[in-house]
Amino acid sequence: MARAEEATLIGQPLNRVDGPLKVTGRATYVYEQWEAGPPLYGFILGAAIGKGRITRIDTTRAERLPGVRLVMAHHNAPPQGSRDESTFLEFPRAFTALANPEIHFHGEPVALVVATTFEQARAAAGLIDVTYTVEPGRYDFAARLDHAHPPKKMKIGLAADTAVGDFDAGFDAADVTIDQHYTTPYYSAQPMEPHACLVVPQGEDLIVHTSVQIVDMARTSIASTLRMDEQRIHIVSPYVGGGFGSKLRVHYETILAAIAARTLRRPVKIALTRQQTFPLVGMRPTSYQRVRLGAGRDGRLVAIAHDVIMSTNPDVEYAEQTAVTTRSLYAAPNRATSHRLTALDLPRGEDVRAPGHAPGLLAVEAAMDELAHELSMDPVELRIRNEPELDPERGVPFSDRHLVDCLREGERRFGWKRRPMKPATLREGRWLVGYGVASAIRPHPQWATRVRVRLEADGTAVVRSDMTDVGTGTYTMLTQVAADGLGLPPDRVRVELGRSEFPVSGGSGASWGAGNSSTAVHRACAALREKLLAAACGDARSPLYGRDPATAVLADGSVRVDGGGGGRGGVSVPLGEIVGRIRPEGGGEGEGMEADGETYPMAEEPNYAAYSINTYGAHFAEVGVDADTAEIRLRRMLGVFSAGRILNAKTARSQLLGGMIWGLGMALEEAVAVDVRSGALVNRDLAQYMVPVHADIPEIDAVILEGFDDKANPLGAKGVGELGICGAGAAVANAVFNATGVRVRDFPITLENLLPGLPPLEE
């Protein structure tokens with residue numbers, strides 16, 4: 001068998017194997033599940049205040065409405081489990097709903113109505129009369145910066161603060177310094193598929209059709225909340241219509257559907273409306289970031305500090321790793337990073353695509369652009385001069401770092417040399433034109449994942465894992481890895497995902513999904529090949545009897561052994577014939593043979609301690625700004641990326657382009673607006689929460705450098721799902737500055753904060 005890096009199918013731009021199912025409507029998402037018959041429908045009523053307590057709730061009129069089967073509030077909801085703060089991750093913890101009369105944020109569920117139709121449930125919810133005692137709430141982030149405190153703990157065990165050398169001394173001695181503050185707003189993940197759940201009771205078990213990114217942790221969370229035996233909960237999530245972090249854990253629709261189905265002994269379906277999604281699935285916290293850079297006249301950094309204050313819900317602390325962005329990016333002997341939180345009575349903070357690095361790079365890469373301007377230095381050259389030889393904080397080598405290559409290749413392809421050094425000097429009629437650049441970095445993590453691969457007697461292979469496909473192409477990538485590992489054509493591989501009865505994976509998130517699951521498939525196929533060949537070459541009934549397994553090649557659905565000494569000719573036997581003929585003890589149920597493959601958490605993999613393992617990129621953007629109106633238009637954008645070996649060139653490029661587009665949205669459009677008087681989210685729909693549309697995106701391209709990171713995993717592959725968004729917004733913001741000479745440090749960049757500083761039009 002060929003070595004992993006020599007395989008021919010992996011990396012090819014294979015069309016999505018699930019594509020025909022999706023375009024013909026045969027890929028059923030949660031809300032389209034009808035196997036259990038007509039369900040009952042639930043509708044959630046949200047709190048009309050931001051902080052306080054329910055003093056009275058009258059459900060009489062709602063209960064009298066035709067079709068209503070259940071009205072549940074805190075007074076009649078069943079007891080639920082409590083959150084286990086000792087667990088390492090938030091996702092498997094209990095998620096309570098309607099547990100008490102306390103109101104923690106505007107829109108928090110205060111009642112659930114279940115009826116025969118959705119319309120009946122929604123109408124009945126409008127008839128519930130709720131009386132509150134309103135308490136003073138904390139809603140204004142800017143007014144509470146002085147109340148910031150250290151987090152109890154950071155995500156995935158990261159340190160809240162770090163220090164290397166003596167930052168203050170290095171900064172004070174620097175020839176040139178930058179000391180600026182940048183703010184990012186609340187951001188919301190809004191996947192195309194709404195958050196929905198259908199729960200079907202079967203005896204003492206619950207069949208839970210829900211849209212989640214990590215099946216096993218969803219199962220644990222539901223079991224902990226309902227105080228059930230985890231084995232009696234069966235998660236079904238074969239297709240997920242986007243997640244971006246918002247489906248890493250279960251939310252109110254899943255818990256309430258499970259409680260109602262268990263209470264009524266009937267299938268219950270709940271889907272959040274788009275307006276409900278904004279408060280009920282959490283947001284990326286708003287941030288106030290201070291970035292300080294000290295450098296010599298040659299542009300080499302001598303000191304760098306990144307200090308972040310973020311919002312958090314006081315009841316469920318969430319500390320996004322925003323300052324971690326700076327720890328591995330640029331060289332500087334004197335360094336410091338810190339994270340602080342300020343409590344607000346707003347929806348809980350949760351992961352949104354590329355947590356930490358997406359908002360962190362908006363600030364750090366803007367500051368680097370400010371330093372380049374202060375030094376009158378090319379921004380690309382400044383970044384290259386600060387390329388580290390070792391990880392600047394950990395002191396370990398990089399596994400595979402090609403950031404400079406990304407910058408140089410992007411510089412060449414984009415035509416960067418045409419960029420004007422002096423801002424606001426390149427014009428095309430009434431349009432001010434500018435170029436911007438930014439670096440990208442995103443860690444490549446690893447989590448425990450198990451996959452089972454089975455060869456059937458008909459010569460097909462079946463891959464099973466509770467791994468999810470959130471639209472990123474997991475079905476296709478695993479098909480390619482399995483087909484390559486077993487010498488099968490792709491149409492002879494069937495991948496089955498998203499069921500809790502399958503081997504447990506780390507799911508889709510943190511850019512680890514493809515690397516984890518593909519490595520596990522690769523290892524399972526290697527174990528299966530070894531088992532198959534040992535059995536075939538050791539059985540007297542087999543045409544391969546007595547042959548050396550080391551000389552066997554699996555290709556085109558057969559095992560081929562060339563002729564050797566002693567006059568023995570070559571032989572080729574179909575895999576199905578071997579499996580059907582030889583059924584060794586313990587080979588698996590039925591007429592197949594199977595083997596498992598797995599990956600392990602980073603803490604158990606020596607390479608993650610010995611090396612700094614990341615993905616990299618460089619973004620280049622050209623914008624036009626109307627000199628009269630301050631209207632900003634992206635004219636073109638290029639991203640050049642290094643992520644080791646690419647598993648599927650087509651799906652990887654699609655992920656990167658999507659991230660780049662999202663980065664544009666972060667820079668120019670996205671922001672959840674909070675009414676600081678009531679805590680209500682003002683623009684909680686896609687008519688007012690602005691995101692890029694087709695008309696906003698002209699010429700855009702993503703280029704992927706060839707690579708192979710042998711420290712990451714045997715396939716040499718790393719995740720790209722979040723890399724594209726990292727730094728993209730900063731490149732756009734830097735282009736706006738180059739076009740106008742106006743530096744906007746409060747994102748998003750809007751007409752209001754850009755227009756007053758625009759240079760006058762030339763006569």
Side-chain angles (χ1 to χ4, degrees), residues 30 33 35-37 39-40 42 44 69-70 72 74 76-100 109 112 114 195-238 240 247-270 316 447-452 464-468 496-509 589 596 598 601:
V30 172
Q33 296 290 341
E35 293 181 5
L40 301 174
I44 297 170
R69 303 295 298 274
L70 173 68
M72 184 183 295
H74 70 273
N76 63 340
Q80 298 166 51
S82 58
R83 297 174 71 252
D84 182 3
E85 298 287 351
S86 66
T87 57
F88 184 63
L89 291 173
E90 166 71 20
F91 315 136
R93 295 176 183 168
F95 191 97
T96 58
L98 307 179
N100 56 61
L112 171 72
V114 181
H195 291 68
C197 183
L198 167 66
V199 180
V200 181
Q202 288 188 357
E204 295 299 313
D205 292 8
L206 295 178
I207 312 301
V208 181
H209 299 267
T210 187
S211 187
V212 292
Q213 294 175 235
I214 308 177
V215 165
D216 183 60
M217 293 187 187
R219 186 187 205 186
T220 301
S221 179
I222 297 169
S224 300
T225 308
L226 273 59
R227 299 179 178 178
M228 287 181 63
D229 180 355
E230 193 170 312
Q231 298 304 311
R232 291 199 172 277
I233 295 172
H234 310 277
I235 306 292
V236 183
S237 190
V240 180
K247 297 176 182 176
L248 285 169
R249 67 151 306 123
V250 298
H251 292 95
Y252 292 103
E253 77 287 345
T254 298
I255 296 301
L256 290 174
I259 292 174
R262 203 179 184 198
T263 301
L264 296 170
R265 309 308 305 166
R266 287 281 306 277
V268 174
K269 180 183 288 187
I270 299 176
V316 184
W447 196 250
T449 291
R450 184 179 291 271
V451 169
R452 182 164 300 130
R464 284 179 174 167
S465 174
D466 76 357
M467 173 65 182
T468 52
E496 299 177 358
L497 302 175
R499 300 186 72 99
S500 54
E501 282 66 40
F502 294 163
V504 173
S505 75
S508 301
E589 62 183 46
D596 287 1
E598 60 185 319

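Only this structure's heavy atoms are used, side chains among them; waters, hydrogens and symmetry mates stay out.
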Quiz prompt | Side-chain donor/acceptor of Ser211 to backbone N/O of Ala196, under 3.5 Å | solution = no
Self-check item: Nearest heavy-atom neighbours spanning Leu497 and Met467
Solution: CB-O, 3.0 Å
Quiz prompt | Min side-chain heavy-atom separation Arg83-Glu90 under 4.5 Å | solution = yes
Quiz item: Do Arg249 side-chain atoms and Val212 backbone N/O form a donor-acceptor pair below 3.5 Å?
Solution: no
With a 3.5 Å cut-off and sequence neighbours excluded, list the donor-acceptor pairs that the side chains of residues 253-262 form with protein atoms.
| residue | atom | partner | partner atom | Å |
| --- | --- | --- | --- | --- |
| Thr254 | OG1 | Thr210 | OG1 | 2.9 |
| Arg262 | NH1 | Leu226 | O | 3.1 |

Practice problem: Of all the heavy-atom pairs spanning Gly506 and Thr449, show the shortest one and how long it is. | Solution: N-OG1, 3.0 Å
Quiz item: Should we count CD of Glu35 as having more than 12 external heavy atoms under 6.0 Å?
Solution: no
Quiz prompt | Side chain proximity check, Val451 to Ser505, heavy atoms < 4.5 angstrom | solution = no
Quiz item: Which atoms form the tightest heavy-atom contact between Arg464 and Phe502, and what is the distance?
Solution: CD-CE2, 3.7 Å
Quiz prompt | Gap separating the CD1 atom of Ile214 from the CG atom of Leu248, nearest 0.5 angstrom | solution = 5.0 Å
Quiz prompt | Residue pair Cys197 / His251, side-chain heavy-atom distance below 4.5 Å | solution = no
Exercise. Give a yes or no answer on whether the side chain of Ser221 reaches the backbone of Arg93 with a donor-acceptor pair at less than 3.5 Å.
Key: yes
Exercise. Give, for atom CD of Gln231 and atom CD of Glu501, the distance between the pair rounded to the nearest 0.5 Å.
Key: 8.5 Å
Quiz item: Should Trp447 and Leu89 be marked as a side-chain contact (heavy atoms from CB on, under 4.5 Å) after you check the CA-CA gap, both sets of side-chain angles, and the distance that decides it?
Solution: CA-CA 12 Å; Trp447 196 250; Leu89 291 173; 4.0 Å; yes
Self-check item: His74: side chain to side chain donor-acceptor pair (under 3.5 Å) partners, not counting sequence neighbours
Solution: none
Self-check item: Sequence neighbours excluded, every pair satisfying salt bridge (Lys or Arg N to Asp or Glu O under 4.0 Å) that has a member inside residues 207-227
Solution: none
Quiz prompt | Short side-chain to backbone donor-acceptor contact, Gln202 and Ile207, under 3.5 Å | solution = no
Quiz item: Nearest heavy-atom pair of Arg450 and Asp596: which atoms, and what distance?
Solution: NH1-OD2, 3.4 Å
Quiz prompt | Residue pair Val114, Arg266: steps toward the side-chain contact (heavy atoms from CB on, under 4.5 Å) verdict | solution = CA-CA 11 Å; Val114 181; Arg266 287 281 306 277; over 6 Å; no
Practice problem: Would you please say whether a donor-acceptor pair under 3.5 Å links the side chains of Thr468 and Ser508? | Solution: yes
Quiz item: What closest approach, in Å, do Ser237 and Val215 show between heavy atoms, and which atom pair accounts for it?
Solution: CB-CG2, 4.4 Å
Quiz prompt | Value rounded to 0.5 Å, distance of NE2 in His234 from CG in Leu206 | solution = 8.0 Å
Quiz item: Taking C-beta and beyond as the side chain, do Val200 and Pro267 meet within less than 4.5 Å on heavy atoms?
Solution: yes
Practice problem: Establish, from distance only, whether the side-chain atoms of Asp466 and Ser500 form a donor-acceptor pair under 3.5 Å. | Solution: no
Self-check item: Where Val250 and Phe95 come nearest, the two heavy atoms and their spacing
Solution: O-CD1, 3.8 Å
Exercise. Show your reasoning for whether side-chain contact (heavy atoms from CB on, under 4.5 Å) applies to Thr96 and Ser82.
Key: CA-CA 7 Å; Thr96 58; Ser82 58; over 6 Å; no
Quiz item: Is the closest side-chain heavy-atom distance between Met228 and Ile222 below 4.5 Å?
Solution: no
Self-check item: Close side-chain approach of Val268 and Pro39, heavy atoms under 4.5 Å
Solution: no
